[in-house]
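All chains are named by letter (A, B, ...) in the order of the sequence lines, taking the proteins before the strands, and each is independently numbered beginning at 1.
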Number of protein chains: 2
Amino acid sequence: MEKYRNFGLKLTPQRLAILQYLDGNKAHPSAEEIYRAVSRRFPTISVATVYNTLMTLKERGLIKELTMDPTKMRFDPNPFPHHHLICMDCRRIVDVQGRFRIQLPETEQEGFEIFGNHIEFYGRCSKCKNKKH
Amino acid sequence: MEKYRNFGLKLTPQRLAILQYLDGNKAHPSAEEIYRAVSRRFPTISVATVYNTLMTLKERGLIKELTMDPTKMRFDPNPFPHHHLICMDCRRIVDVQGRFRIQLPETEQEGFEIFGNHIEFYGRCSKCKNKKH
DNA sequence: CTGGCTGCAAATCTTTTGCATCCTG
DNA sequence: CAGGATGCAAAAGATTTGCAGCCAG
């Protein structure tokens, strides 16, 4: 694919498949989901390759690793700063586009040099709201 | 200990040791650190008991599980809403006391019912700032 | 007394590693 | 053609589970 040419990484078919699966994916998939999806097209791909690729993409800032799911690695193909809505029932994660300029008072910074922030909004998604009695 | 009486859970010596270790602990320890610490006093305690107890405490809302460290379960003995400073170098986590009233526009809520939020401030702590050349 | 807890060991699950081989740039 | 990427299988960690016995309420 054209757009991946200038990423400065070797474009193997496996990587291309991973990149295409991630491109525009709003589901914040886990490593295992990515592996499963790409396996359909490349039955011989190994988990190691998936993890390797994801780590490489992360290092180059092309994707972000999410941490709100303690049970597995999840990835966000959107590398631009944004925030997340998290459903406490089904663990669905949805992007929040707004920007929030949160200024932490000097006295609260504890000597940290702050580069950015990430807000997790916790709640219940529409599906789960209706599901529960 | 007096203060743990009315938690509504069986107060075994093992649990008491875990509770005392957590009480006022600002280090956001991992399950494994808690296990190591309590093992000093109870050499026969099992990891299973530590995990069981932590899960029980979490279910009752007495502690919170933190997710920003993908490699292990970490816990916060402070059950009240607050936020965190995270050192990107050494992974140290420090509490932030301020309250932030972040209003997410209706159009951005995606049908979610929002209960709360948690802000992660990313940066570098004073120690790591000086360490790095 | 009795149901919830504990300790132990084995099982599970996710992620990482070592290494020989392959193939992109 | 060289160095990075791949596949495989085994290893490493963290957490969970099953179960028999124990003990706090």
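The interatomic distance linking A:Lys72 (NZ) with D:dG13 (C1') rounds to 18 Å, in whole Å. Spacing between atom CG of B:Leu54 and atom P of D:dT15 amounts to 10 Å, rounded to whole angstrom units. Rounded to an integer number of Å, the gap from CE of A:Met73 to P of D:dA14 is 13 Å. Taking atom CZ of residue B:Arg41 and atom P of nucleotide C:dG7, one finds them 14 Å apart after rounding to whole Å. Rounded to whole Å, atom C1' of C:dC5 lies 14 Å from atom CG of B:Leu16. Going from atom CG of B:Leu57 over to atom C1' of C:dG4 covers 15 Å, rounded to whole Å. In this structure, A:Ile45 places its CD1 atom 14 Å from P of C:dC23, rounding to the nearest Å. As rounded to whole Å, 13 Å separates atom P of D:dA5 from atom CG of A:Leu19.
One N or O on the side chain of B:His28 and one on the backbone of B:Ile93 form a donor-acceptor pair closer than 3.5 Å. Looking only at distances, a side-chain donor or acceptor of B:Arg15 sits under 3.5 Å from a matching main-chain atom of B:Lys10. Remark: side-chain polar atoms of A:Glu33 are paired, donor with acceptor, to backbone N or O of A:Ser30 under 3.5 angstrom.
If you find the closest nucleotide of DNA chain C to A:Lys10 and to B:Ala48, the one lying nearer the 5' end belongs to B:Ala48. Comparing A:Pro13 and B:Glu32 by the nucleotide of DNA chain D whose heavy atom lies nearest to each, the residue mapping closer to the 5' end is A:Pro13.
Among the protein residues, A:Ser30 comes within range of no part of the nucleic acid, since none of its heavy atoms lies under 4.0 Å from any strand. When heavy atoms are screened at a 4.0 angstrom cut-off, A:Gln14 is found touching the sugar-phosphate backbone but no base atom.
Listed nucleotides: D:dA14, C:dT15, D:dG25. Nearest to the side chain of B:Leu11: D:dG25. Closest to the side chain of B:Thr12, from the set C:dG7, D:dA24, C:dT24, is D:dA24. Of the candidates D:dC8, C:dT16, C:dG7, the closest approach to any side-chain atom of A:Val47 belongs to C:dT16. You'll find that the side chain of B:Ser46 is closest to C:dG7, out of D:dT6, C:dG7, D:dG7. If you check D:dT16, C:dT6, D:dT6 against the side chain of B:Arg15, the one that comes closest is C:dT6.
For the residue pair A:Asn117 / B:His83, no side-chain donor-acceptor distance below 3.5 Å is found, with atom types taken as modelled.
Side-chain contact between A:Arg41 and A:Tyr21: absent, with no pair of heavy atoms (C-beta onward) separated by less than 4.5 Å.
Between A:Thr49 and the phosphate of D:dA5, there is no side-chain N or O to OP1/OP2 separation shorter than 4.0 Å.
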